[in-house]
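If you read the sequence from its start, that first residue is 1, and numbering goes on from there.
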Amino acid sequence: ASGKSTLALKLAEQQNGVIINTDSMQVYPILRILTARPDDNELSRVPHHLYGHASLDQAYSVARWIGDVQKTLKLIKQSGKIAIFVGGTGLYFKALTEGLTVIPDIPADKRAYWRQRSQEVEGPELHAELTRRDPDAADMLKPNDRQRSVRALEVIDATGQSILAHQAKGNNPPILKRRTIEKYLLQPDREELYRRIEARFDDMVELGAIEEVKSLLMANISRDHPVLKAIGVPQFKLYLERKLTLKEACERCKIATRQYAKRQRTWFHKRMQDWDWLGQQAPDIGHK
């Protein structure tokens, strides 16, 4: 709710730009309202890429996103336009500007085994299994982090090495060169940001966010799929199960969003100190 998408759209129109999604939830074809994906009017104003394009059949990884970005950048270069990346997923920006850790491909049978295993047991049990196989990696994860526990288990099972050992080997070169990019991070006043968060969530409910969650819950997807953790899904699930009132569910959603915004701010302060931090003013983007 900081105004990223609005600013990106304005800059794209001013600078002959193309917008590339840099948000891990907006890649999926569902939850358009709840994840604040651009609407039809915004999509018609300038070209947008990598929104709603990923299949729900499997989790979409940062490595796959980087691959899709590379293909997209080739098309943009041919068109002579400027690429404008916008989103709130810090890991995606980190991969763009710092490179991505190289981990060997996991054989399909091992991946399938651990995905099935994650359907059969709870997160703490997976974490306990990881503790037995790779205690150092387990120490880095929360017991309920099912997705990352499965990832660490399949890596050590397939390669015989801890995921930490692969990460220690370093990264592939970043696909964006430092001298060719300008980096901006919006940081509105905290109270103003919280006001926007609350107003935006009320708008989402009016526009049909609950119906989106209902459709998602009826879809045949893995219960550890990342999209099920999107803010609003767990809360509205409880509402649909009559375990919360609508008012209670909405308040939990707003609290969760504020907490996420706080975590983002902390992460950005640690990892993006060399970015240009802005209030709400639009920067003059140069043509480097």
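- For R252, the CZ atom is loosely surrounded, since the number of other residues' heavy atoms within 6.0 Å does not exceed 12.
- The side-chain heavy atoms of R115 and V150, taken from C-beta on, include a pair separated by under 4.5 Å.
- Within the 4.5 Å cutoff, the side chain of Q70 has no heavy atoms near those of the K74 side chain.
- Two residues are said to be in side-chain contact when any heavy atoms from C-beta on lie closer than 4.5 Å; I20 and L73 meet this criterion.
- Using a 4.0 Å cut-off between a side-chain N of Lys or Arg and a carboxylate O of Asp or Glu, R117 and E129 qualify as a salt bridge.
- Using a 4.5 Å heavy-atom cutoff, the side chains of R196 and E192 are in contact.
- Residues L153 and R133 are in side-chain contact: their nearest non-hydrogen atoms beyond the backbone lie under 4.5 Å apart.
- Of all heavy-atom pairs between T89 and D23, the closest is OG1-CA, 3.4 Å.
- Heavy atoms only, all atoms of each residue included: C250 and F236 are closest at SG-CE2, 4.1 Å.
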Which atom pairs, one a donor and one an acceptor, fall under 3.5 Å between side chains of residues 27-38 and the rest of the protein, sequence neighbours left out?
from, atom 1, to, atom 2, distance (Å)
Y28, OH, Y60, N, 2.9
R32, NE, P38, O, 3.2
R32, NH1, D40, OD1, 3.3
R32, NH2, P38, O, 2.8
R32, NH2, D40, OD1, 3.0
T35, OG1, L31, O, 2.7
R37, NH1, Y28, O, 3.0

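- Atom CD of residue E198 and atom CD1 of residue I255 lie 9.0 Å apart, to the nearest 0.5 angstrom.
- Distance CG/L50 to CD1/I19: 12.0 Å, rounded to 0.5 Å.
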Would you sort out whether Q147 and K229 count as a side chain to side chain contact (heavy atoms under 4.5 Å, CB included), showing the intermediate values?
CA-CA 11 Å; Q147 183 182 351; K229 299 177 183 177; 4.1 Å; yes

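- Pairing each heavy atom of I163 with each of A137, the nearest pair is CG2-CB, 4.1 Å.
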Checking side chain to side chain contact (heavy atoms under 4.5 Å, CB included) for the pair I84/V46: CA distance, chi angles, key distance, verdict?
CA-CA 11 Å; I84 299 176; V46 300; over 6 Å; no

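- Aromatic ring centres of W277 and H269: separated by under 6.0 Å.
- From T22, atom OG1 reaches atom CG of L96 across 6.0 Å, with rounding to the nearest 0.5 Å.
- Heavy atoms from other residues, nucleotides or ligands lying under 6.0 Å from CZ of R148 number 12 at most.
- The environment of NZ in K262 is sparse: at most 12 heavy-atom neighbours from other residues, nucleotides or ligands sit within 6.0 Å.
- In this structure, L43 is not a member of the same hydrophobic cluster as L75, with clusters built from ILVMFWY side-chain heavy atoms closer than 4.5 Å.
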Criterion side chain to side chain contact (heavy atoms under 4.5 Å, CB included) on Y260 and R263, from CA distance to verdict
CA-CA 5 Å; Y260 178 64; R263 291 196 302 273; 3.5 Å; yes

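- Rounding to the nearest 0.5 Å places CZ of R151 at 13.5 Å from CH2 of W114.
- By the 4.0 Å N-to-carboxylate-O rule, R195 lies too far from E191 to be salt-bridged with it.
- S2 and K4 get closest at one heavy-atom pair: OG-CG, 3.1 Å.
- Taken from CG in L216 to NZ in K214, the straight-line distance is 13.0 Å, to the nearest 0.5 Å.
- More than 12 heavy atoms of other residues, nucleotides or ligands lie within 6.0 Å of CZ in R64, so this atom counts as buried by the packing criterion.
- Under the 4.5 Å side-chain criterion, counting only non-hydrogen atoms from C-beta, V69 is not in contact with Y92.
- With a 4.5 Å cut-off on side-chain heavy atoms, R265 and K270 do not count as touching.
- Of all heavy-atom pairs between S118 and R146, the closest is O-NH1, 2.6 Å.
- Surrounding CZ of F93 are more than 12 heavy atoms belonging to other residues, nucleotides or ligands, all under 6.0 Å away.
- A salt bridge is defined here as a Lys NZ or Arg NE, NH1 or NH2 lying under 4.0 Å from an Asp or Glu carboxylate O, and K247 with E251 fails to meet this definition.
- L238 and L228 are assigned to two separate hydrophobic clusters, defined by single-linkage of ILVMFWY side chains at heavy-atom distances under 4.5 Å.
- Ring centroids of F268 and W275 are separated by 6.0 Å or more, keeping the two rings apart.
- Salt-bridge formation is not detected for the pair K110/E154: no Lys NZ or Arg NE/NH1/NH2 atom is positioned less than 4.0 Å from an Asp or Glu carboxylate oxygen.
- The CG atom of L278 sits 8.0 Å away from atom CG of L185, with the distance rounded to the nearest 0.5 Å.
- Within the 4.5 Å cutoff, side-chain heavy atoms of K254 are placed close to those of D202.
- Connection of L56 to V233 is established within a shared hydrophobic cluster, with ILVMFWY side chains joined at heavy-atom distances below 4.5 Å, either directly or through further cluster members.
- In the hydrophobic cluster analysis, where Ile, Leu, Val, Met, Phe, Trp and Tyr join through side-chain heavy atoms closer than 4.5 angstrom, V62 is grouped together with L176.
- M272 and L193 fall into different hydrophobic clusters, where Ile, Leu, Val, Met, Phe, Trp and Tyr are joined by side-chain heavy atoms under 4.5 Å apart, directly or via other members.
- Heavy-atom minimum distance, A1 versus I197: CB-CG1, 3.8 Å.
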